[in-house]
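Working notes for the structure below.
Below, read A as the first sequence line, B as the second, and so on, with proteins coming before strands; counting in each chain starts at 1.
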Number of protein chains: 2
Amino acid sequence: MPDTSPPELKLENQICFAVYSAAHAFAQAYKPHLEPMGLTYPQYLVMLLLWDQDGRSVNEIAHPLHLDSGTLTPLLKRMEKAGLLTRGRDAKDERIVRVHLTPQGKSLREKARAIPQAILCASGMELDGLMALREEVKALGQSLREK
Amino acid sequence: MPDTSPPELKLENQICFAVYSAAHAFAQAYKPHLEPMGLTYPQYLVMLLLWDQDGRSVNEIAHPLHLDSGTLTPLLKRMEKAGLLTRGRDAKDERIVRVHLTPQGKSLREKARAIPQAILCASGMELDGLMALREEVKALGQSLREK
DNA sequence: AACAATTATATTGCGCACAATTTGATGTCA
DNA sequence: TGACATCAAATTGTGCGCAATATAATTGTT
């Protein structure tokens, strides 16, 4: 066996690692903005959904994020404990848990509005280029999930 | 407060989420290839480094992956327990732990050589486009880390 | 040589992420 | 109606990922 790997097995040539690594870099870049709001990065993703449409069921949060109840149930409980939202069974269908933002949770949206500009800046890219890249990455993710 | 978020706060417009989501999709896409080899996805990344250069210190694994000893120490212990590698203190500098592949760990490289082609296929993209995308994502990650 | 600063790894604690299973409510159909 | 499948969440167990801290070896300084 040679001491060096063929190119297709070198770490720096893996697109999966570029994406893996960029995902962690994003979480770190968001941290200083989210920490003052008492949010983690995955919690912020949930807030994006609830700010846009409140009163979602757990599944209506899980599906767009590609997460399951095993991840979301404890995460939502922590957010409830932090006073950001409430969780309660749907009156018409007791299987469903509906999630509603508290006034405090709703109020965070105004503070969050400054974040996208800061991240754009940190990305070192133009908005157009970033949007184009986003669509490419989105298509890649969808393609990987289809198989 | 309106019931809908401004575009810059919608989940589907976030590049961070596109990347986050694609990273998870990659891990899922790799799983059926790695599971038969007894590897998780992060463990596979470590193997890529060791296949290319054996006998690395923990730091020489941590730095390229942007991970720390808090993540790697238990991960490497699990891989040691699985018989993939050995961990031992450097004779010249007892602070350093050197990681060496076992024959079993080395032998997995041949099986892994088929994976990149399968992932390329699942990506639904041409190799050229994927390589270009990789460099863009890499640059984005680096830019985010610099700030 | 003695002592402080630095370096490398390990440990602890918390929060995801996901597979597998469980619990309880709803829907279906003989 | 009663048996059974289906569905929504919750639970359990394992493995990252990272901040904060601890431990031990080495280096630098006086």
Side-chain angles (χ1 to χ4, degrees), chain A residues 16-17 20-32 34-35 38-47 56-82 84 87-99 141 145, chain B residues 16-17 20-32 34-35 38-47 56-82 84 87-99 141 145:
Chain A
C16 64
F17 174 66
Y20 162 96
S21 180
H24 293 322
F26 265 119
Q28 292 302 308
Y30 272 87
K31 185 165 292 183
L34 298 179
E35 210 149 72
L39 289 173
T40 65
Y41 177 69
Q43 288 171 9
Y44 173 67
L45 298 179
V46 170
M47 292 301 277
R56 288 175 189 253
S57 69
V58 173
N59 260 336
E60 286 165 352
I61 296 170
H63 279 135
L65 295 177
H66 304 296
L67 296 174
D68 65 8
S69 68
T71 300
L72 281 174
T73 296
L75 185 151
L76 292 170
K77 283 184 179 174
R78 283 188 289 270
M79 294 175 79
E80 184 178 35
K81 199 171 172 185
L84 299 169
R87 297 174 333 113
R89 294 280 168 181
D90 188 302
K92 310 239 201 282
D93 186 341
E94 291 277 339
R95 291 173 300 182
I96 296 174
V97 168
R98 297 229 162 260
V99 180
R145 277 182 212 283
Chain B
C16 66
F17 174 65
Y20 162 95
S21 180
H24 292 323
F26 265 119
Q28 292 301 308
Y30 273 86
K31 184 164 292 183
L34 298 179
E35 210 148 72
L39 290 172
T40 66
Y41 177 68
Q43 289 171 8
Y44 173 67
L45 298 179
V46 170
M47 292 300 277
R56 287 177 189 254
S57 69
V58 172
N59 260 337
E60 286 165 352
I61 296 170
H63 279 134
L65 295 177
H66 304 296
L67 295 174
D68 66 6
S69 68
T71 299
L72 280 174
T73 297
L75 184 150
L76 291 171
K77 283 183 178 175
R78 283 188 289 270
M79 295 176 78
E80 184 178 37
K81 199 171 171 186
L84 299 170
R87 298 160 56 252
R89 295 280 169 181
D90 186 303
K92 312 239 199 281
D93 186 340
E94 292 276 340
R95 292 173 300 182
I96 296 174
V97 168
R98 298 229 162 260
V99 180
R145 279 183 211 283

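Residue A:Phe17 comes nearest to B:Pro64 through the heavy atom pair CZ-O, 3.2 Å, listed as atom of the first residue, atom of the second, then distance.
Using a 4.0 Å heavy-atom cutoff across all strands shown, B:Arg89 reaches sugar-phosphate atoms only and no base atom. Counting non-hydrogen atoms under 4.0 angstrom, A:Arg87 reaches the backbone sugars and phosphates but no base. Within the nucleic acid shown, B:Thr40 comes within 4.0 Å of sugar-phosphate atoms alone, with no base atom in reach, counting heavy atoms only. Residue contacts shown for B:Leu72 are absent, as no nucleic acid heavy atom lies under 4.0 Å away. Within 4.0 Å (heavy atoms only), A:His63 reaches no atom of the nucleic acid at all.
Judged by distance alone, with hydrogens and angles left aside, A:Ser69 brings no side-chain donor or acceptor close enough to the base of D:dA8 to form a pair under 3.5 Å.
Projected onto DNA chain C by closest heavy-atom contact, B:Leu76 and A:Pro74 fall at different nucleotides, the more 5' of which corresponds to B:Leu76. Nearest-nucleotide mapping onto DNA chain D: of A:Thr73 and A:Tyr20, the residue sitting toward the 5' end is A:Thr73. Nearest-nucleotide positions on DNA chain D for A:Asp93 and A:Asp68 put A:Asp93 closer to the 5' end.
A salt bridge links B:Glu80 with B:Arg87: the distance from a Lys NZ or Arg NE/NH1/NH2 to an Asp or Glu carboxylate oxygen falls below 4.0 Å.
In this structure, the ring of A:Tyr30 has its center less than 6.0 angstrom from the ring center of A:Tyr44.
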